[in-house]
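Presented below is the structure to which this report refers.
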Amino acid sequence: MNTFEAIFSKRSIRHFKHEKLEWELISDILEYANKLPMLIEGIAVEFKLVSNIEEKQGFYSPFNVKAPYYICISSEEKEDYLLNAGYLMQQLNLYLASKDLGSCFSILSPGRNLKAAMKYKFVIALAFGKTSTALFRGSKEAKRFPESTVVVYKEEVTPDIRQVLNAARLAPSLNNTQPWRFVVYKNRIHVFAKKNPFIARVLDYNKAIDMGVMLANFLLAAEELWVDISLSKSETLKNKPLQKNDYVCTIAIG
Ligand SMILES: Cc1cc2nc3c(=O)[nH]c(=O)nc-3n(C[C@H](O)[C@H](O)[C@H](O)COP(=O)(O)O)c2cc1C
């Protein structure tokens with residue numbers, strides 16, 4: 001299973017064998033992480049591996065997923081750094097699946113010592129390890145909104161672009177909220193994030209990570225299907241007051 005195939009069939013794994021991984025595999029994962037292309041150039045990030053095999057290493061959170069290993073990302077706090085971090089971590093999430101390892105995003109607060117050991121601001125972690133749970137499922141089994149809820153087609157598009165949008169729709173998100181919305185034209189796609197209710201604006205932090213996760217699926221699928229795309233921001237849309245959504249970016253096709 002490669003990373004593209006994993007987009008359609010990977011599911012989050014929360015139960016792991018408390019088993020050591022071979023060092024070669026761990027170093028391969030770290031090497032992959034450090035070579036990943038950025039969504040936004042000029043934001044420094046650091047990946048940190050945390051092993052829970054020998055001793056508990058200072059994680060605490062009510063959402064904590066218990067796992068033998070975590071890979072954490074810390075980032076410089078520049079514009080769109082959460083989008084960038086989500087984008088990187090989803091690629092890693094899919095790579096772990098391609099190595100037959102289970103994984104799940106985990107919002108956890110690193111303990112003081114671990115926080116201090118990170119170069120930048122901690123963003124999110126991926127819990128991972130060997131598992132006896134099935135790693136994959138059919139894409140139809142994924143609990144996701146139907147295409148009609150998240151995509152508005154303003155013009156007819158090719159089957160490949162539909163497939164890229166399907167890859168994006170299947171992305172994981174915190175509590176499966178699936179905040180992404182798309183307005184689709186033949187040569188461009190406007191990407192929006194559904195607004196949280198006013199009292200839930202604290203969740204905007206995670207929503208930005210979710211949007212980056214989704215963009216990883218989008219860009220990976222586009223590359224696999226030879227759909228030439230580029231990302232930009234429309235100043236007009238950026239400044240347009242919208243009731244239900246926030247504008248994120250525009251993806252030009254071809
Ligand atoms: C940014 C992000 C944060 C997440 N945080 C957690 C978490 O803290 N604990 C957890 O159990 N699952 C977490 N998840 C996993 C989601 O709950 C999961 O992806 C979603 O319910 C869909 O399930 P699936 O991935 O099996 O399709 C997170 C996912 C994302 C993308």
Side-chain angles (χ1 to χ4, degrees), residues 7-8 10-12 39-40 62-63 73 75 77-91 93-94 104-107 123-124 126 139-155 157 161-222 229-253:
I7 289 177
F8 301 93
K10 181 195 164 19
R11 59 201 189 98
S12 296
L39 185 67
I40 293 136
F63 301 106
I73 186 167
S75 170
E77 292 176 75
K78 290 187 177 168
E79 191 184 349
D80 286 336
Y81 77 100
L82 296 172
L83 210 62
N84 189 54
Y87 172 76
L88 294 170
M89 290 301 260
Q90 172 63 356
Q91 291 179 77
N93 193 25
L94 296 168
C104 183
F105 279 93
S106 191
I107 301 215
V123 179
I124 195 159
L126 273 171
S139 64
K140 292 209 172 76
E141 287 164 51
K143 289 197 181 96
R144 296 293 187 270
F145 294 138
E147 187 190 53
S148 56
T149 303
V150 296
V151 186
V152 174
Y153 287 101
K154 296 282 191 186
E155 289 173 351
V157 295
I161 292 171
R162 274 186 177 262
Q163 175 76 326
V164 170
L165 283 160
N166 195 35
R169 185 181 66 86
L170 289 170
S173 53
L174 177 66
N175 295 330
N176 211 15
T177 42
Q178 309 164 64
W180 37 80
R181 300 291 182 269
F182 305 93
V183 177
V184 180
Y185 293 86
K186 229 176 7 209
N187 60 357
R188 65 195 184 285
I189 296 172
H190 299 305
V191 181
F192 299 88
K194 201 170 171 350
K195 275 188 181 150
N196 284 317
F198 190 71
I199 48 159
R201 291 283 150 91
V202 281
L203 296 174
D204 282 358
Y205 179 89
N206 298 311
K207 194 172 68 176
I209 305 174
D210 287 339
M211 293 304 290
V213 167
M214 177 281 292
L215 284 173
N217 278 17
F218 195 113
L219 268 65
L220 230 157
I229 56 165
S230 57
L231 264 69
S232 62
K233 288 199 188 195
S234 147
E235 283 306 312
T236 322
L237 286 176
K238 222 166 139 179
N239 297 320
K240 201 175 171 142
L242 300 168
Q243 219 183 353
K244 292 188 179 160
N245 298 302
D246 291 315
Y247 171 70
V248 177
C249 65
T250 294
I251 301 175
I253 304 161

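Position 1 is the first residue of the sequence; numbering continues from there.
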**Report entry** Lys195 and Asp204 ion-paired at < 4.0 Å
**Finding:** no
Query raised in the report: So, do Asn93 and Phe105 sit near enough that their side-chain heavy atoms are less than 4.5 Å apart?
Result: yes
Requested in this report: Given side chain to side chain contact (heavy atoms under 4.5 Å, CB included), test Asp80 with Lys233 step by step and report yes or no.
Outcome: CA-CA 12 Å; Asp80 286 336; Lys233 288 199 188 195; 2.8 Å; yes
Query raised in the report: Do the side chains of Tyr247 and Ser234 get nearer than 4.5 Å, heavy atoms only?
Result: yes
Requested in this report: Find out whether the Lys NZ or Arg CZ of Arg169 is both under 6.0 angstrom from the six-membered ring centre of Phe218 and within 45° of the ring's axis.
Outcome: no
Query raised in the report: Tell me, do Asn166 and Glu147 make a side-chain contact under 4.5 Å, heavy atoms counted?
Result: no
Show me the side-chain donor-acceptor pairs of residues 178-189 shorter than 3.5 Å, one per line, residues at least two apart or across chains.
from: Gln178; atom 1: OE1; to: Phe145; atom 2: N; distance (Å): 2.6
from: Gln178; atom 1: NE2; to: Asn176; atom 2: O; distance (Å): 3.1
from: Arg181; atom 1: NH1; to: Gln178; atom 2: O; distance (Å): 2.9

Query raised in the report: Would a 4.5 Å heavy-atom cut-off, applied to side chains only, mark Val191 and Ile251 as touching?
Result: yes
**Report entry** Smallest separation among heavy atoms of Val213 and Ala171, with atom names
**Finding:** CG1-CB, 4.3 Å
Requested in this report: Please identify each residue that fulfils side-chain hydrogen bond (donor to acceptor under 3.5 Å, both in side chains) with Gln163, with sequence neighbours left out.
Outcome: none
Query raised in the report: Given side chains that start at C-beta, do those of Leu88 and Leu39 come closer than 4.5 Å, heavy atoms only?
Result: no
Requested in this report: For residues Val123 and Ser75, report the shortest heavy-atom separation together with the two atoms involved.
Outcome: CG2-CB, 4.0 Å
Query raised in the report: Under 3.5 Å, is there a donor-acceptor pair linking the side chains of Asn217 and Gln90?
Result: yes
Report task. Determine whether Cys104 and Leu126 make a side-chain contact, defined as any pair of heavy atoms from C-beta on separated by less than 4.5 Å. Result -> no
Report summary line: Separation between NZ (Lys240) and NE2 (His190), nearest 0.5 Å, reads 9.0 Å
Query raised in the report: How many angstroms lie between CD1 in Ile7 and OG in Ser139, if you round to the nearest 0.5 Å?
Result: 11.5 Å
**Report entry** From CZ (Arg11) to CG (Leu170), nearest 0.5 Å
**Finding:** 14.5 Å
Query - Test log, rule side chain to side chain contact (heavy atoms under 4.5 Å, CB included), inputs Arg162 and Val157 - result: CA-CA 7 Å; Arg162 274 186 177 262; Val157 295; 3.9 Å; yes
Report summary line: Smallest heavy-atom separation, Ala222 atom then Ile229 atom, equals CB-CD1, 3.7 Å
Query raised in the report: Taking C-beta and beyond as the side chain, do Tyr87 and Leu220 meet within less than 4.5 Å on heavy atoms?
Result: no
Query raised in the report: Considering only heavy atoms from C-beta outward, does the side chain of Ile40 approach that of Tyr81 to under 4.5 Å?
Result: no
Report summary line: Value for CD1 (Ile209) from CG (Leu83), rounded to nearest 0.5 Å, stands at 10.0 Å
Query raised in the report: How many angstroms lie between atom CG of Leu82 and atom CD1 of Ile124, to the nearest 0.5 angstrom?
Result: 9.5 Å
Query raised in the report: Between CE of Met214 and CG of Leu219, what distance do you get to the nearest 0.5 Å?
Result: 9.5 Å
